[in-house]
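Heads up, the thing below is written out as structure tokens.
These values consider heavy atoms only, across backbone and side chains, with no hydrogens, waters or symmetry-generated copies.
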Amino acid sequence: MPRSKQPPATDSTSSSPDPRRLQMDDIARLAGVSTATVSRALNGSKLINEETRKRIVELARSLNYTVNVAARNLRIQENRTVAVVVPYDAKSRQHISDPFFLSIVGSIADALTDRGYDMLLSRVDAERLDLAAGWLDSGKAIGLILIGQWRHHDQLNEMAMRKLPLVVWGGEMPQQLYCSVGGDNQLGGALATRHLLQSGRRRVAFVGDAKLPEVWLRQQGYALALKEAGLKADPELELAAPFEPSAATEFLREFCALHQDFDAALCCSDVLALLMIQVLRAQGRRVPEDVAIVGYDDMPLAAYCDPPLTTVHQPVAEAGVQMVEALVAQMSGDRALSRTMPVYLYQRKSTLAGA
């Protein structure tokens with residue numbers, strides 16, 4: 001079973017640092033790889049390609065570095081644990097039982113199991129994504145997968161600059177140094193908005209916090225589709241709702257009470273879309289007759305709600321495999337490029353009046 005823990009604290013106050021560790025860090029810095037890659041190369045791991053291994057061995061020789069055999073024998077009980085970290089917003093405390101989190105974590109777990117790796121499930125405050133590196137620094141994990149970029153793209157870049165084996169679920173951003181795997185968020189936002197406009201809707205609301213990178217990219221697609229139709233995005237119809245259901249419900253109630261004229265909404269998760277339907281019905285408005293609703297993710301629940309939800313399908317099952325493949329490449333000393341995966345719109349009755 002996955003273990004849910006906080007990452008271990010690292011002791012930065014010790015007065016007697018380990019010179020072997022410092023020397024290995026020097027080799028890693030000069031070789032432009034992670035300390036873990038240096039360790040594997042010097043211990044003859046088959047995960048490291050031959051060219052990288054030779055380069056690291058030559059650097060080690062030039063520094064008169066020799067492997068501590070006793071320490072190596074302790075480590076030879078090879079660690080094959082990957083930390084999968086689901087950040088949380090300290091204000092809303094979005095629960096890990098959120099359907100999207102369960103789906104993506106399950107996909108990653110399957111991909112890790114297929115390759116003989118163990119998974120350690122953890123959470124960190126989304127304001128301190130850098131704390132996730134504690135699992136690598138402590139040696140408890142050999143690789144790290146983060147679910148979401150949240151608001152600290154800068155912290156992820158800092159972790160990448162340390163050459164840590166790191167893969168992030170999310171959208172590729174400008175000046176990004178880390179490896180990300182995610183759906184084509186801009187295309188998803190555009191597909192959903194075009195569908196609503198083509199069905200005759202003209203006052204399309206956007207529901208999601210655009211301070212989050214993935215949501216920001218969806219908002220770009222939303223604005224593009226409006227522009228293509230000769231319409232301008234109306235800031236009054238953009239609601240920065242959180243993903244956590246109880247917090248989001250209050251945002252939606254206030255928004256729907258203040259804005260009676262919107263006839264469609266693109267919601268940046270299926271859960272937000274279902275909450276929007278509930279709020280609209282409570283205020284006497286029909287879906288889709290009065291307001292058409294599109295969700296995002298295409299979780300299994302989307303097909304069984306009332307009405308069944310039109311939604312943007314995210315490639316969650318494929319993404320788990322892609323993230324693990326990218327992480328294994330990094331742990332082998334290779335570079336892993338970011339990957340943007342295709343999305344598509346699944347049309348159901350929440351946008352199709354009379355269907």
_Stepwise side-chain hydrogen bond (donor to acceptor under 3.5 Å, both in side chains) check, Asp334 with Ser332_ = CA-CA 6 Å; Asp334 296 328; Ser332 301; 5.2 Å; no
_Closest non-hydrogen atom pair, Val291 against Ala265_ = CG1-N, 4.4 Å
*Identify the heavy atoms of Gly284 and Asp290 that sit nearest to each other, and give their distance.*
O-OD2, 4.5 Å
*Tell me, with the steps shown, if Thr52 and Asn49 meet side-chain hydrogen bond (donor to acceptor under 3.5 Å, both in side chains).*
CA-CA 6 Å; Thr52 301; Asn49 66 52; 2.8 Å; yes
*All ring-ring contact (aromatic ring centres under 6.0 Å, His included) counterparts of Tyr346, not counting sequence neighbours*: none
*asked:* Does atom CD (Glu254) have a neighbourhood of more than 12 heavy atoms from anything else shown, all under 6.0 Å?
replied: no
*In terms of side-chain geometry, is the basic nitrogen of Asp209 or Lys211 positioned less than 4.0 Å from the acidic oxygen of its partner?*
no
*Between the side chain of Ser138 and the main-chain N/O of Gly134, is any donor-acceptor distance below 3.5 Å?*
yes
*Rounded to the nearest 0.5 Å, what's the gap from CD on Gln219 to CD on Glu214? Could you check?*
14.0 Å
_Working note: Met159 + Leu144, criterion side-chain contact (heavy atoms from CB on, under 4.5 Å); need CA distance, chi angles, decisive distance, verdict._
CA-CA 11 Å; Met159 292 165 69; Leu144 181 61; 3.4 Å; yes
*Pairwise side-chain contact, Gln278 with Leu275, heavy-atom cut-off 4.5 Å (strictly under)*: yes
*Same hydrophobic cluster for Phe101 and Leu301, using side-chain heavy-atom links shorter than 4.5 Å among ILVMFWY?*
yes
*Counting distance only, does the side-chain N/O of Asp263 pair as donor-acceptor with the main-chain N or O of Arg202 below 3.5 Å?*
yes
*Looking only at heavy atoms, what is the nearest atom pair of Val294 and Leu345, with distance?*
CG1-CD1, 4.1 Å
*Arg55 and Glu58: salt bridge (Lys or Arg N to Asp or Glu O under 4.0 Å), yes or no, with the steps?*
CA-CA 5 Å; Arg55 180 160 54 92; Glu58 289 173 3; over 6 Å; no
_Which residues pass the salt bridge (charged side-chain N to carboxylate O under 4.0 Å, His left out) test with Asp306, not counting sequence neighbours?_
Arg281
*Would a 4.5 Å heavy-atom cut-off, applied to side chains only, mark Tyr178 and Asn157 as touching?*
yes
*Would you please name every residue forming a ring-ring contact (aromatic ring centres under 6.0 Å, His included) with Phe262, sequence neighbours left out?*
Phe255
*Considering only heavy atoms from C-beta outward, does the side chain of Cys179 approach that of Leu166 to under 4.5 Å?*
no
_Straight-line distance of Leu131 CG to Arg123 CZ, nearest 0.5 Å_ = 14.0 Å
*Hey, quick one: are Leu237 and Val215 part of the same hydrophobic cluster, counting side-chain heavy atoms closer than 4.5 Å, chains of contacts allowed?*
yes
*Does CD in Glu50 sit with more than 12 non-hydrogen atoms of other residues, nucleotides or ligands closer than 6.0 Å?*
yes
*Taking only Lys NZ, Arg NE, NH1 and NH2, and the carboxylate oxygens of Asp or Glu, determine whether Arg203 and Asp261 approach each other closer than 4.0 Å.*
yes
*State the CG-CD1 distance between Leu309 and Ile293, to the nearest 0.5 angstrom.*
8.5 Å
*Please assess Ser34 against Thr37 for the test side-chain hydrogen bond (donor to acceptor under 3.5 Å, both in side chains), listing each intermediate value before the final yes or no.*
CA-CA 5 Å; Ser34 69; Thr37 297; 3.0 Å; yes
*side chain to side chain contact (heavy atoms under 4.5 Å, CB included) with Arg115: which of Leu327, Val321, Val82?*
Val321
*Would you give the length of the straight line joining atom OG of Ser107 to atom CG of Leu102, rounded to the nearest 0.5 angstrom?*
12.5 Å
*Do you know the tightest heavy-atom contact between Ile48 and Arg53?*
CG2-N, 3.9 Å
Expected list for residues 187-198: side-chain donor-acceptor pairs under 3.5 angstrom, two or more places apart:
residue, atom, partner, partner atom, Å
Thr193, OG1, Gly189, O, 2.8
Arg194, NE, Glu228, OE1, 2.9
Arg194, NH2, Glu228, OE1, 3.4
Arg194, NH2, Glu228, OE2, 2.9
His195, NE2, Thr351, OG1, 2.7

*For atom CD of Gln175, decide whether the heavy atoms of other residues, nucleotides or ligands shown that lie under 6.0 angstrom number more than 12.*
no
*When you look at Arg40 and Ile142, which way does the side-chain contact (heavy atoms from CB on, under 4.5 Å) test go after all the steps?*
CA-CA 11 Å; Arg40 293 191 188 92; Ile142 57 173; 3.1 Å; yes
*SB check Asp298 Arg348 (cutoff 4.0 Å)*: yes
*Please lay out, stage by stage, how Leu239 and Phe206 fare under the test side-chain contact (heavy atoms from CB on, under 4.5 Å).*
CA-CA 6 Å; Leu239 174 64; Phe206 181 89; over 6 Å; no
*Answer yes when Arg339 and Glu172 have at least one side-chain N-carboxylate O distance shorter than 4.0 Å, and no when they do not.*
no
*Connected hydrophobic set around Met161, excluding itself, where side chains approach under 4.5 Å*: Leu177
*Kindly say whether Arg162 contributes a backbone atom to a donor-acceptor pair with the side chain of Arg29 at under 3.5 angstrom?*
no
_Heavy-atom pair with the smallest gap, counting every atom of Ser350 and Pro288_ = O-CB, 3.1 Å
*Considering only heavy atoms from C-beta outward, does the side chain of Gln186 approach that of Leu224 to under 4.5 Å?*
yes
_Tell me whether Gln149 contacts the main-chain N or O of Gly171 through its side chain, where contact means a donor paired with an acceptor under 3.5 Å._
yes
*Can you name the residues that form a salt bridge (charged side-chain N to carboxylate O under 4.0 Å, His left out) with Asp184, not counting sequence neighbours?*
none
*asked:* Taking the six-membered ring of Tyr296 as reference, does the cationic atom of Arg218 (NZ for Lys, CZ for Arg) lie under 6.0 Å from its centre and within 45° of its axis?
replied: yes
*Within the side chain of Gln330, is there an N or O that forms a donor-acceptor pair under 3.5 Å with the backbone of Arg335?*
no
*From CD1 (Ile104) to CH2 (Trp169), nearest 0.5 Å*: 4.5 Å
_Quick check against the 3.5 Å criterion: does Asp297 have a side-chain atom that pairs as donor or acceptor with the backbone of Gln314?_
no
*For residues Val316 and Met299, determine if any side-chain heavy atom of one lies less than 4.5 Å from a side-chain heavy atom of the other.*
yes
*Please lay out, stage by stage, how Tyr222 and Val204 fare under the test side-chain contact (heavy atoms from CB on, under 4.5 Å).*
CA-CA 9 Å; Tyr222 161 82; Val204 182; 3.9 Å; yes
_Same apolar cluster (I L V M F W Y, side chains within < 4.5 Å links), Phe251/Val279_ = yes
*If you look at every heavy atom in Cys256 and Leu280, which pair is closest and at what distance?*
SG-CD2, 3.8 Å
*Under 3.5 Å, side chain of Gln155 to main-chain N/O of Leu129, donor-acceptor pair present?*
yes
*How many angstroms lie between atom CZ of Arg80 and atom CE of Met331, to the nearest 0.5 angstrom?*
7.5 Å
